[in-house]
Every structure is written in C-alpha cells, then in structure tokens.
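Naming: A, B, ... by sequence-line order, numbering from 1 per chain. All of these numbers come straight from a predicted model, not from anything done at the bench.
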Amino acid sequence: MTVRTRFAPSPTGYLHVGGARTALFSWLYARKHGGKFVLRIEDTDLERSTAESVNAILEGMTWLGLEYDEGPFYQTKRFDRYHEVIEALLSKGLAYRCNCSRERLDDLREAAMKRKEKPRYDGHCRNHDVSPDEPHVIRFRNPDTGVVVVDDLIRGRVSFNNEELDDLIIRRTDGSPTYNLTVVVDDLDMQISHVIRGDDHLNNTPRQINILKALNAEPPKYGHVPMILGDDGARLSKRHGAVSVMQYREDGYLPEALLNYLVRLGWSHGDQEIFSIDEMIELFDIDGVNKAASSFNTDKLLWLNQHYIKQDDAKRIAHLLSPHMGDLGIDPAEGPDLTKVAEAHQERARTLVEMAEMSAFCYQDYDEFEEKAAKKHLRGVAREPLERMREALSALEDWQEEALHGVVEQVSEALELKMGKVAQPLRVAVVGRAASPGIDTTLYLVGKEACLRRIDKALDYITQREAAAG
RNA sequence: GCUCCCUUCGUCUAGUGGUUAGGACGCUGGCCUCUCACGCCGGUAACAGGGGUUCGAGUCCCCUAGGGAGUACCA
C-alpha cells in the first residue's frame with residue numbers, strides 16, 4: 001500500500017507549533033515510507049476562514065521546509081463532490097432531512113444534561129417526511145447499536161459504543177457541508193492511507209468511520225498525536241510568547257532547531273537529542289510517539305538553536321543574521337565582513353536576535369558604557385594600559401588578529417600586568433561592555449579608526465570620573 | 001454531567017516483570033580562560049496514591065485522584 005498522509009489545517013489563524021508538529025510527523029511518515037504528503041485547506045467555515053491565514057500557513061510550512069507533494073486542495077472548491085456524496089447517502093436512506101428547530105435542539109440538550117446523560121440528537125426526523133423545499137439540515141443516520149473500534153497507531157485500541165453517538169449534521173441549512181463529512185470524503189478521494197492529526201479529533205473518529213462504512217469504504221489508519229502545552233503546563237496560547245511558527249523566525253530561531261525540538265517533543269529515539277532532517281526521516285516512527293501531552297520548553301529550544309548556530313556554516317548564519325542587523329538599523333555592508341562577525345559570535349548567541357545585538361558594536365559606536373562594566377574596569381589603574389594600547393594600536397599598520405594579539409601581549413608584558421588587566425579595560429573601551437569575542441578579534445572587527453576613537457572616549461570617562469571623585 | 005484519552009526528575013524523555021531507574025534541558029560545584037560563551041568533569045532531582053497478580057512490579061489488572069479532549073448548523 002502506498003503511504004499517503006495529509007496535513008489539513010483550517011485557515012483561521014497562523015501556523016502554530018502544535019500544528020507544525022502534527023504536520024512534521026505526517027511529513028516524516030510519508031518521507032520515510034516513500035509516500036506522498038498532501039496539503040488540504042479545510043475552509044468550509046466560510047465565516048472564519050481567511051486568505052491571509054492560508055498564506056500564513058503556507059509561509060510557515062515553507063520556512064520549515066515541509067514541502068507537500070500535492071495540493072493545496074481547498075474544500076470550498078469541492079462542494080459539488082460533497083453534495084454528490086450527500087445525495088447518494090440520502091437516496092440510500094443513510095442520511096435524512098431534519099427540520100428540528102434550534103429551540104427543540106436546545107431543549108433536548110438541556111433535558112439530557114438534567115438526566116445526567118450525554119446530550120445527543122434523538123432522531124426525531126428519522127421517520128418524518130421533510131420536504132426538500134423547506135429549510136432543513138441533513139443528518140447522517142448513525143447505527144444505533146454495536147461498537148466502533150479505532151486501532152489508533154499511537155493510542156492503541158479505543159472503542160466507542162454507537163449508542164453514545166448521534167445523528168450528526170452533514171449539511172447545514174445554508175447548504176454547506178460540515179467537517180465530519182468533508183474530511184471523510186476528502187481522505188477517501190485523496191486516498192489518504194494514514195491520518196495523523198491532533199488528538200482533539202479522536203472523539204470524531206468513530207463518526208467518521210461510520211460514514212466511511214456507509215460509503216462502503218475502508219477507513220484509513222489513524223494516529224492521534226497529543227497536544228502541546230505551554231511552559232507552565234497550561235494550554236498553549238498567545239500569552240506563552242511565540243506560538244506562531246513565523247514568530248520563531250522573527251525571534252531568531254533556525255528552522256532546523258525548531259524542527260529538531262518539535263520532533264523530540266513527544267517522540268524519541270533512545271537517548272538521541274540531535275537529529276538532522278535525514279536522521280528524522282530515517283528514524284521516525286509513528287508508534288514511538290508518546291500518548292501524553294507535553295509542555296513546550298523554551299530553554300531547551302534555545303539550547304538546540306544555539307547548537308545549530310554553532311554548528312552551521314558561518315556564511316549561512318551571516319545570511320540569516322543580516323535582516324536582524326537591519327532591524328537594529330545597521331547596514332552590514334557598512335562595516336566588517338558579516339560572515340566574520342557571525343563567526344566570532346557563533347558560540348555566544350542563542351538566537352540570531354541575540355547575535356545581532358551582541359554584534360552591533362562592530363558597526364556602530366555604543367551610546368554609553370554599561371555602568372557595571374565601566375565602574376569595574378575603567379578606573380584610574382586602567383589609564384596607563386589604555387594609553388599604551390592607544391599608542392601601540394595607532395602605530396600598527398597590519399590590522400590583523402595575530403598582530404593585534406601581539407600588541408596586547410606586548411603591552412601587558414611591558415607593564416608587567418596579566419593580560420586581563422589590559423584586555424578588560426580595552427574591551428570595555430571598545431565594546432562598551434565587559435563581554436565580547438576574544439580581544440584580538442574584537443579589535444579587528446571594530447577597526448582601527450573606531451578603536452582609537454572609543455579608547456579616547458574611555459580615557460575621557462576615566463578623567464571625568466577622577467575629577468568627580470576629587 | 002456524560003463519553004473518550006492521559007499520568008517516570010521542574011521540563012523533554014529512556015525503560016516493554018529482576019536496573020544503583022539512564023540521558024537531555026534547566027539549576028548548580030569545579031576545570032579551562034583576556035571577558036562572555038564554548039568545551040570538559042561532577043552534583044541536584046522522578047515512577048500521582050491505594051489495592052491486587054507475581055518469587056519479584058515504573059513495567060500487567062482494578063480503584064481513586066489529578067490533568068486533557070469531545071459533547072456545535074467550528075474544524
């Protein structure tokens with residue numbers, strides 16, 4: 001059997017991490033088995049579906065590299081087909097028209113609740129003749145007895161009594177088909193072999209299987225993946241920060257880091273933490289997916305992101321870093337080679353946004369010294385080392401790291417100081433704060449002119465400070 | 001309320017009747033060191049509770065508790 005999986009979001013918002021993980025699992029499963037991955041847009045809710053959401057979802061999938069082999073298919077373009085199926089069901093007596101009023105339905109629900117029973121439609125219109133000309137919905141005639149067994153790829157065997165299920169609406173009064181009908185028809189028509197989706201659909205599965213049976217069709221295999229909770233264990237929502245996949249790009253995450261994080265959330269392969277895309281495809285297995293919901297942990301994502309930043313080619317990092325520099329009002333063309341800057345910060349930044357912030361000093365002068373750093377390092381004792389450094393640097397022709405390192409060393413030796421006593425004040429002078437890449441690299445990136453200018457500024461600062469102290 | 005699902009360190013997880021319950025993130029002690037970071041070595045911390053089954057239960061069964069989903073003319 002050819003494996004065919006699908007991702008079927010409803011376009012009522014952006015692509016969030018939960019959806020992205022479901023899509024990833026589906027995609028991996030198809031890729032692993034040499035199958036096809038289909039994208040279907042479930043936009044039958046005309047009220048809430050928007051074109052912007054479709055674009056946002058497509059954009060998110062593209063960024064993550066979850067390319068689809070077929071689609072996107074839009075359900076709104078398949079209404080004729082749904083109606084054809086509904087008519088067939090109707091003519092076989094497997095579905096019927098219902099004109100029960102909302103009031104009656106509400107009363108029914110209320111009464112059932114009062115009796116401590118599960119609210120369900122009572123089949124009132126099953127044997128009534130409702131004219132096609134009057135306003136009506138169409139309901140699927142669900143079997144009254146027996147059990148529906150779902151052999152879930154993740155949950156194992158789950159069974160439901162048909163008595164618990166009622167005659168669900170498959171076509172609304174306005175003539176539009178509803179979800180449970182459209183998924184069934186689509187999964188069937190698109191020959192989906194494995195339905196991998198969120199576990200909020202587990203309860204819908206028996207209804208869908210019943211419709212499938214009515215259509216004389218073989219149900220696909222189902223795998224219901226648990227949901228993702230926020231850092232605090234509560235349901236993932238906007239207040240947890242970035243839930244939109246695209247927000248992670250904005251926040252400076254690498255797609256491979258997010259993917260790696262997501263694949264390990266609810267799935268594992270022994271003790272392995274790092275997975276390349278190829279490894280994921282090779283090792284992923286749907287029955288290795290956990291049954292329990294898991295909490296999103298930003299710290300671990302950060303760790304993975306740093307891992308990939310460290311590991312990746314500096315040129316690519318620079319390429320991805322560039323727009324974040326732009327966000328800070330910096331044009332990387334006006335300054336040191338961005339690749340070199342990125343390389344110097346690869347082991348220091350957890351995100352590209354952090355990298356941009358810590359790299360800014362290479363392109364623009366800082367406004368003020370960081371207070372703590374200045375207080376500690378720009379003191380009277382730093383004056384001489386800074387003056388000596390200024391002198392030596394201004395005389396230096398060969399502005400390369402090796403030579404720069406030599407200069408710092410020579411000055412330290414000449415003053416009989418440990419390197420730190422020279423490098424730290426120098427660093428604060430040149431960077432404005434106490435942390436940066438190696439002092440030689442730092443000097444190199446800032447450039448001669450700016451270095452001298454900033455050292456002067458530091459010397460002024462020391463002078464002022466001494467004057468203030470009296 | 002009813003139906004269905006879930007429950008190992010704070011978090012992600014390994015574990016498929018016999019383990020000193022392992023790894024990772026985080027936190028933390030140390031080493032390295034011109035700072036920060038990286039890296040390396042060490043530490044902290046878990047089987048929700050109660051009954052069974054068994055020579056032996058994190059692993060099997062039942063109950064309780066706690067979470068979650070569904071219960072729509074949403075998907």
Please measure how far the C1' atom in U59(B) lies from the corresponding atom in G1(B), and state the result in whole Å.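 U59(B) and G1(B) have their C1' atoms separated by 34 Å.
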Taking G70(B) as the reference, what is the distance to C12(B) when you measure between their C1' atoms (whole Å, please)?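 Pairwise C1' distance, C12(B) against G70(B), rounds to 27 Å.
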Do Arg155(A) and C5(B) share a donor-acceptor pair, side chain to base, under 3.5 Å?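 A donor-acceptor contact between them is absent.
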Check this for me: does the side-chain of Asp271(A) come within 3.5 Å of the base of G22(B) through a donor and an acceptor?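 Yes, the side chain and the base share a sub-3.5 Å donor-acceptor pair.
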Compute whether any side-chain donor of one residue and acceptor of the other, for Tyr96(A) and Asp167(A), lie under 3.5 angstrom apart.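 Side chains of Tyr96(A) and Asp167(A): pair found under 3.5 Å.
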Can you find a side-chain donor-acceptor pair between Asn180(A) and Thr178(A) that sits under 3.5 Å?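 The criterion, which ignores hydrogens and geometry beyond distance, is not satisfied for Thr178(A) and Asn180(A).
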Using a heavy-atom cut-off of under 4.0 Å over every strand shown, decide if [X] touches base, sugar-phosphate, or nothing.
{"X": "Val137(A)", "result": "base"}
{"X": "Ser294(A)", "result": "sugar-phosphate"}
{"X": "Glu273(A)", "result": "base"}
{"X": "His345(A)", "result": "nothing"}
{"X": "Gly266(A)", "result": "sugar-phosphate"}
{"X": "Asn290(A)", "result": "sugar-phosphate"}
{"X": "Leu265(A)", "result": "sugar-phosphate"}
{"X": "Thr12(A)", "result": "nothing"}

Out of [options], which has the shortest distance to the side chain of [X]?
{"X": "Ser10(A)", "options": "C73(B), C25(B), A75(B)", "result": "A75(B)"}
{"X": "Thr173(A)", "options": "C25(B), A69(B), C73(B)", "result": "C73(B)"}
{"X": "Lys310(A)", "options": "G70(B), C34(B), G39(B)", "result": "G39(B)"}
{"X": "Gln424(A)", "options": "U35(B), C25(B), G68(B)", "result": "U35(B)"}
{"X": "Lys118(A)", "options": "G26(B), C5(B), G1(B)", "result": "G1(B)"}
{"X": "Asn204(A)", "options": "A75(B), C73(B), A24(B)", "result": "A75(B)"}
{"X": "Met113(A)", "options": "G23(B), G26(B), G1(B)", "result": "G1(B)"}
{"X": "Met227(A)", "options": "A69(B), U13(B), A75(B)", "result": "A69(B)"}
{"X": "Phe160(A)", "options": "G22(B), A75(B), C4(B)", "result": "C4(B)"}
{"X": "Arg348(A)", "options": "U35(B), C5(B), C73(B)", "result": "U35(B)"}

For the residue pair Trp303(A) and His307(A), does the interplanar ring angle fall in the parallel (under 30°), tilted (30 to 60°) or perpendicular (over 60°) class?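 Trp303(A) vs His307(A) ring planes: tilted.
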Quick check on the 6.0 Å ring-centre criterion: do Tyr253(A) and Tyr308(A) meet it?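 That pair fails the under 6.0 Å test.
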Is any side-chain nitrogen or oxygen of [X] closer than 4.0 Å to OP1 or OP2 of [N]?
{"X": "Gln272(A)", "N": "A24(B)", "answer": "no"}
{"X": "Thr44(A)", "N": "A75(B)", "answer": "yes"}
{"X": "Lys291(A)", "N": "C6(B)", "answer": "yes"}
{"X": "Thr182(A)", "N": "A75(B)", "answer": "no"}
{"X": "Arg109(A)", "N": "G1(B)", "answer": "no"}
{"X": "Thr178(A)", "N": "C73(B)", "answer": "no"}
{"X": "Thr442(A)", "N": "U35(B)", "answer": "no"}

Taking a pair as Watson-Crick or G-U wobble with both distances under 3.5 Å, which nucleotide is matched to [N]?
{"N": "U16(B)", "answer": "none"}
{"N": "C34(B)", "answer": "none"}
{"N": "A24(B)", "answer": "U11(B)"}
{"N": "G66(B)", "answer": "C6(B)"}
{"N": "A57(B)", "answer": "none"}
{"N": "U71(B)", "answer": "G1(B)"}

Go nucleotide by nucleotide along RNA chain B from the 5' end; which of Pro119(A) and Ser295(A) gets its closest nucleotide reached first?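 Comparing both residues, the 5'-ward one is Pro119(A).
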Between Arg109(A) and Asp106(A), is there a side-chain N and carboxylate O pair less than 4.0 Å apart?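 A salt bridge links Arg109(A) with Asp106(A).
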Look up atom CG in Leu24(A) and atom CE in Met61(A), then write down how far apart they are to the nearest 0.5 Å.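 So the CG of Leu24(A) and the CE of Met61(A) are separated by 10.0 Å.
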I need the Met419(A) CE to Gln424(A) CD distance, nearest 0.5 Å.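 Reported value, rounded in 0.5 Å steps: 10.5 Å.
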For Arg316(A), look at atom CZ and say whether over 12 heavy atoms of other residues, nucleotides or ligands are found less than 6.0 Å away.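 Counting neighbours around CZ of Arg316(A), more than 12 heavy atoms of other residues, nucleotides or ligands fall under 6.0 Å, so yes.
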